[in-house]
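Worksheet: one structure, shown below.
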Amino acid sequence: MTTLDDPIRGAQAEWEERVLAKVLQRFPERRAEFRTSSAEARRFYTPADTAGKDYLRDVGFPGEYPFTRGVQPTMYRGRLWTMRQYAGFGTAQESNQRFRQLLADGQTGLSAAFDLPTQIGYDSDHRMARGEVGQVGVAIDTLADMETLFEGIPLHKISTSMTINAPAAILVAMYMVVAEKQGHPVSVITGTAQNDVLKEYVARGTYIFPPRPSVRLAADLITYCAREAPRFNSISVSGYHIRDAGSTAAQEIAFAFANAIAYLGECERRGAQIDEIAPRVSWIFNTHNYFFEEVAKYRALRRMWARLMREQFGAKQTDSWMFRTHTQTGGSTLTAQQPLNNIVRAAIQALAAVTGGVQSLALSCYDEALSLPTEAAQRMALRTQQIIAHETGAADTIDPLGGSWYVEWLTDRLEQEARAIMDRVEDIGGAVAAIESGYMQSEIQEAAVTHQREVETKQRIIVGVNDYIDDEAQPPILFRPNLAVGEQQVRELAAVKARRDARAVDAALARLRAAARGDDPLMPPILDAVRTYATLGEMCGVLREEWGEYRPPTVV
Amino acid sequence: MTTEQRTIRVLIAKPGLDGHDRGAKVVARALRDAGMEVIYTGIRQTPEMIAEAALQEDVQVVGLSILSGAHLELFPRVIAELKQRGVDDVLLFCGGIIPEADVPAIQAMGFAGVFGPGTDTGVIIEFVREHAKERA
Amino acid sequence: MSLSTPDWLEGPYRTAVERSRERQPRFESSSGAEIGAIYGPEALADWSYHEKLGYPGEYPFTRGVQSTMYRGRLWTMRQYAGFGDADESNRRYKFLLEQGQTGLSVAFDLPTQIGYDSDDPRAEGEVGKVGVAIASLADMEVLTAGLPLEKVTTSMTINATGSILLAMYVAAAKKQGADLAKVGGTIQHDVLKEYIARGTYIFPPRPSLRLITDVFAWCRDELPEWNTISISGYHMREAGCTAAQELAFTFANAIEYCDAALATGLKFDDIAGRLSFFWACHSNFLEEVAKFRASRRMWAKIAKERYGATSARSQMLRFHTQTGGATLTAQQPLNNLLRTGFQAMSAVLGGTQSLHTNSYDEALALPTEAAVELALRTQQIIGYETGVADVIDPLAGSYYIEALTDRVEDEANQYLARIEDMGGGLACIEQGYQQREIQESAFRLQRMAETRERIVVGVNQFQTGSVVVPEMLRVEAAVARNQVERLQALRASRDGAAVDAALARIRAAARGTDNMVPLLIEAVEAYATIGEICNVLRDEWGEYQEVLTI
């Protein structure tokens, strides 16, 4: 490649002067500057733009370090990505039915959403839970609810992804006990828990405790799973929410990696080996509209993580170097106006994710900007993935855009940008310090404000929102879970409390308190408490008393 | 019931002015490969021409393909022309872009099979074999 | 670590495949060529940047025909529309322009396309069905009422009767007082592909070619902004051919048109700048991008090497794209929104000049207004939200794309060489060659779907789910009655003697060699109908007989 550079650079300069300058004088371009979220977009790219790149060092082959072209040697020619739609609402029983429907439609894994009280560690009968029970996901108070949720779904065969953070250790413990009760040892379960509490302080807001004990709890779950449930991904570090809060693609990479480094550091401090835990780290990233930037992002993520694990953490196993990710298409790119347009947006984003080589994928549904997704919208999201898989040929050759000068240049550029941001976080003292000081939050807010200004000045067109607006009101596509869900859930919770062994509960909670006060591993007492049907709120209540609650810094 | 198995003879025709013959030709080819004798008329056939061909070629089956939306006008005319020539025992089927809502009306005209886009040719072969037997 | 692609394929890749088989024994392009697991730098070995790609707006135009491409102006978003009568279609055009569409595209009903008046017995049941019925200038006046013909460009999908519809459009523009030097648009007027695939031919090839070259010559002098022909691969692709065949058969036809024009004394540089092309965009996302890039490079070479074209304008292939109607399914119609969306992306990544996105309900009936709007929104989202229009030829350099571009070009060149050996595009049509090749490909595709080697979502897999039957558009029977009444009223009110005289002059010209276009304009201005004009020409030239192949 390098031999081509100089003649091209020269010829291009000549072309710019001879041809382009005149054209631009007569017909200026649509904008003075074209950009993706993180980088300029030059007019076009040639081999000169990737000069100095070493194919074997920087790109390589699928399944080989640094994995730029993918983590498996056959990628989607072997097996397609996992098509996993995020679902869950109302009671455990309703969600169970939706799960079974999705499996019947051809979905290959489940993804559970929990209601806010569950995510923040309140029982359904807590006063803070009023009106929220079962609204954005399923309500889980005790092991009994988890049993209902997975009734008839064999946990040794189906993998489940759980979007749960602050109380992740407790929900995973419930899941493990259900598997045991179904007769399957914990060692065979597969799936993922999000368990990424740091990004909750940055973007999503379902934190409970302050950052430091939270990181400890997360690290305990990771370490426990690495030894007892080696097929279960005990953490899914999220760039998704950081991006949906308004960050750029480079910030998404950098902040997610910085958070991951914090968890791994804590695990190592608590005695785990890097090669024991790194292979179980999984990820969830967001895919927004800039098609090529998104493709480049996944390539950059793989290469960066491989280098980070091998060179910085000294990981020795190939498995530790591989970056494997779940992707959700960008919820914040969807519009309430002309909702069917969202089908198109999500489809193009999904195509970018697949072209980028992700391991599993969920699409935000076209009616999500209006309400919880309807079943029809869920199915549409799944059909989108199936069409990409079976009709577009995009899954038939590996890393199909590899070599594109634009994509290679963008991959390098994102890596540089993200690296610079990570260095800054390092200077501040790492992710926890950067969050406590509000650094990450203010950077994201800055990017979000810039975006908003561009929309308002129409520098950035959003079809149906600031241009191509329709006069007529859209028919609302509404799906609302029943508000009676809350009352029903509260009644069931009371029944569980009435029939369990209260003394056993108290004893288990006391052991949990003791562990929380000291530095012992927390998973064993949590599992014990779950088995006694202690509630989520009771367990979190103990931890709240011991660790306190987080109060956010105010960033404007 | 006849004991002798005679080869099924099928006329595939395109009534009207529409020239989209991909479907008609794919079906003709599939029926031929399934061992039937297939006569394909080519495009732009009038109802008279189709009925005349059905009579002359002594077919048991007539398949019509139309994508222009003129089916409700043209199909009855094909049937009338067939009747006029005393051809009233052929198996009729059709395909093309035919809205669901029109299917009952088309069945009432005497079409035993209505096959929309995406139909497996195996289904059509099976259908013809099944129903043509009764008329053999 | 592997040191080269062959090392990797023989080593880690082979081991992985032996351990666990791939989803398919073989992955294939539309033409059945094998798609490799990976493409690496070896795809660009012995590959010269300047020879293969060059710069946007420069020979061989692989990277695009303008030096700023969509950074300067987005492609023209042009939705094919037209149904019922002229008045109804006129309202739809106004609606589309209000929605942000930037050019018009007119669909005509079959009688208009085949030269029958709306009251001809052969038109029964077809009037206004697949497009608008235009029997005379009076209908054209209604169709274009209130549309500023100097400003909007209109693309008319019309072939055998293309010269007559052009005459009507010119007459309508003149009546508006438009300056013909500013009137822009396109007529498809590609009759050769009608013999191969679409079927709306009337006359035999020779006189058909003459009408085409007459339009070339007349437009060069009188209507300089008009694209005189849109040489179409679209319909052959829809009939089932592969991407490479689409290019080859279309270029073979293009060569026939150019040769015919040269034979009448026109110069290549006189006509080449007004030639345009029309491609389909089917579902294989990257193969289609490669096809568009290969098409530009191929035509640039043909223009330069075969015809000695000197100006860039004569060497550049400009094209319109329509997403693949044949890829749409009647089952689960909203899925079509996705197919269309991906295909539209391919077309944009391939550098199309204008684009029609199909509506998701088209496999069921004529598109509804809501579906047409959504199809347009799809283009706008690609144009404004995805950033793919901000960098020119963004896939360039991708090992896979460059390898595919080379391969599509090679395959198409092989077909072209075979056609040349058999005596050229027209001779091959007369022998049924292209027709048979297309049927073979169509049949292969059908078989692959039936054996599920090729999965069509919602059709041969993933069929579950409630059926949503979208609202459908129907053309009222009253449309045809009104059209017939208007036509009969026109015949009663026009100057019959003027019509007869004009038709007599057309008859004389048909026998001789004078340019027909001025006479056609004169006849339509006298309100001679399309059927009357075509009947005179049928008398003189005869009708084409289909070459039947199964």
Side-chain angles (χ1 to χ4, degrees), chain A residues 4 8 11 15 19-20 23 27 29-30 34 36 41-44 46-47 55-56 61-65 73-74 77-78 105-106 289-292 338 340-341 343-345 347-348 351 379-380 383-384 386-387 390-394 396-398 400-406 461-464 468, chain C residues 1-3 8 12-13 16-17 20 22-23 27 35-39 41 49-50 55-57 63 67-68 71-72 100 283-287 332 334-335 337-339 341-342 345 374 377-378 380-381 384-388 390-400 455-457 462 464-465:
Chain A
L4 287 171
I8 289 174
W15 171 84
V19 180
L20 182 68
V23 171
F27 309 104
E29 293 182 328
R30 284 185 287 126
F34 291 86
T36 59
R42 296 182 185 166
R43 190 165 289 107
F44 61 92
T46 71
Y55 180 78
L56 292 177
F61 296 97
E64 294 191 16
Y65 188 85
T74 59
R77 289 165 64 99
D105 281 351
N289 281 333
Y290 288 119
F291 185 77
F292 290 105
Q338 305 176 14
L340 288 175
N341 290 354
I343 298 178
V344 177
R345 294 188 177 98
I348 292 171
L351 182 62
R379 186 174 282 124
M380 194 71 211
R383 293 286 176 261
T384 306
Q386 291 163 338
I387 286 172
H390 299 291
E391 298 187 21
T392 66
D396 294 353
T397 192
I398 302 167
L401 301 195
S404 149
W405 301 304
Y406 180 36
I461 301 288
I462 298 178
V463 174
Y468 309 110
Chain C
M1 195 202 278
S2 309
L3 291 177
W8 178 81
Y13 174 71
V17 172
S20 162
E22 294 187 325
R23 282 185 288 126
F27 292 87
I35 291 172
I38 192 112
Y39 292 79
Y49 177 83
H50 287 110
Y55 297 97
R63 307 202 69 173
S67 50
T68 58
R71 290 165 69 100
S283 289
N284 193 310
F285 183 64
L286 295 169
E287 187 185 22
Q332 304 178 5
L334 279 173
N335 289 355
L337 202 49
L338 305 164
R339 298 187 173 101
F342 297 137
M345 275 278 278
L374 201 48
R377 294 284 175 262
T378 302
Q380 291 162 341
I381 287 169
Y384 295 108
E385 298 186 17
T386 65
V388 299
D390 296 352
V391 171
I392 300 167
D393 189 27
L395 295 183
S398 148
Y399 312 119
Y400 181 50
I455 290 172
V456 184
V457 173
F462 313 116
T464 56

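Since we're looking at a predicted model, the values are computed, not measured. Convention: sequence-line order gives letters A, B, ...; per-chain numbering from 1.
- Residues A/Glu391 and C/Val457 share a closest heavy-atom pair of OE2-N, 2.7 Å.
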Exercise for review: Verify side chain to side chain contact (heavy atoms under 4.5 Å, CB included) between C/Val388 and A/Phe292, making sure each step is shown before the conclusion.
Suggested key: CA-CA 7 Å; C/Val388 299; A/Phe292 290 105; 3.7 Å; yes
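- Your options are C/Pro394, C/Gly341, C/Gly387, and the one with the most heavy-atom pairs under 4.5 Å with chain A is C/Pro394.
- The aromatic rings of C/Tyr55 and A/Trp15 lie parallel to each other, with less than 30° between the two planes, well short of the 60° mark.
- For a residue to count as touching a neighbouring chain, one of its non-hydrogen atoms must lie under 4.5 Å from one of that chain's; by this rule A/Phe27 does not touch chain C.
- Interface residue C/Phe27: only side-chain heavy atoms are found under 4.5 Å from chain A.
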Practice item. Give the intermediate values and the outcome of side chain to side chain contact (heavy atoms under 4.5 Å, CB included) for residues C/Asn335 and A/Gln386. Key: CA-CA 10 Å; C/Asn335 289 355; A/Gln386 291 163 338; over 6 Å; no
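- Interatomic distance, CH2 of A/Trp405 versus CG of C/Leu395, reported as 11.0 Å (0.5 Å rounding).
- At a threshold of 4.5 Å between non-hydrogen side-chain atoms, the residues C/Pro12 and A/Phe61 do not count as touching.
- Between C/Ser398 and A/Tyr406 there is no side-chain heavy-atom pair separated by less than 4.5 Å.
- Using a distance-only test at 3.5 Å, with no hydrogens or angles considered, no donor-acceptor pair links the side chain of C/Trp8 to the main chain of A/Pro73.
- Contacts with chain C were tallied for A/Gly63, A/Gly464, A/Pro62; A/Pro62 has the most, counting heavy-atom pairs under 4.5 Å.
- Remark: side-chain polar atoms of A/Arg383 are paired, donor with acceptor, to backbone N or O of C/Phe462 under 3.5 angstrom.
- When side chains are defined from C-beta on, C/Tyr400 does not count as touching A/Ile398, because their heavy atoms never get closer than 4.5 Å.
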Exercise for review: Any chance you could lay out the side chain to side chain contact (heavy atoms under 4.5 Å, CB included) test for A/Thr392 and C/Asn284, step after step, and finish with the verdict?
Suggested key: CA-CA 4 Å; A/Thr392 66; C/Asn284 193 310; over 6 Å; no
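- Contact annotation for C/Phe342: only side-chain heavy atoms (C-beta onward) come within less than 4.5 Å of a heavy atom of chain A.
- When all heavy atoms are compared, the tightest approach of C/Ala37 to A/Thr397 is O-OG1, 3.2 Å.
- Residue with the most contacts toward chain A among C/Gly36, C/Ala16, C/Gly100: C/Gly36 (heavy-atom pairs, distance under 4.5 Å).
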Practice item. Dump the intermediate steps for side chain to side chain contact (heavy atoms under 4.5 Å, CB included) on A/Ile8 and C/His50, then the final yes or no. Key: CA-CA 8 Å; A/Ile8 289 174; C/His50 287 110; 3.8 Å; yes
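- The shortest side-chain heavy-atom distance between A/Ile462 and C/Glu385 falls under the 4.5 Å cut-off.
- Counting heavy atoms from C-beta outward, C/Leu338 and A/Met380 have side chains that approach closer than 4.5 Å.
- Atom CD1 of C/Ile35 and atom CZ of A/Arg77 lie 8.0 Å apart (nearest 0.5 Å).
- Using bins of under 30°, 30° to 60° and over 60° for the plane-to-plane angle, the ring pair A/Tyr468/C/Tyr384 lands in the tilted bin.
- The candidate with the highest count of non-hydrogen atom pairs below 4.5 Å against chain C, out of A/Val23, A/Val19, A/Leu401, is A/Leu401.
- Across all their heavy atoms, C/Val391 and A/Arg42 have their closest contact at CG2-O, 3.3 Å.
- Although no hydrogens or angles enter the test, the distance criterion places a donor-acceptor pair under 3.5 Å between the side chain of A/Glu64 and the main chain of C/Ser2.
- Here the OG-CD distance, from C/Ser67 to A/Glu29, works out to 8.5 Å after rounding to the nearest 0.5 Å.
- Judged as a salt bridge (charged side-chain N to carboxylate O under 4.0 Å, His left out), and not counting sequence neighbours, the contacts of C/Asp393 are C/Arg63, C/Arg293.
- Taking every heavy atom of both residues into account, A/Val463 and C/Arg377 meet most closely at CG1-CD, 3.4 Å.
- The salt bridge (charged side-chain N to carboxylate O under 4.0 Å, His left out) search around C/Arg23 returns A/Asp396, not counting sequence neighbours.
- Residues A/Arg30 and C/Thr68 fail the side-chain proximity criterion, which asks for heavy atoms closer than 4.5 Å.
- Interface remark: C/Ser20 contributes no atoms to any contact with chain A (heavy atom separation under 4.5 Å).
- If you take OG1 on A/Thr36 and CG on C/Asp390, they are separated by 9.0 Å, rounding to the nearest 0.5 Å.
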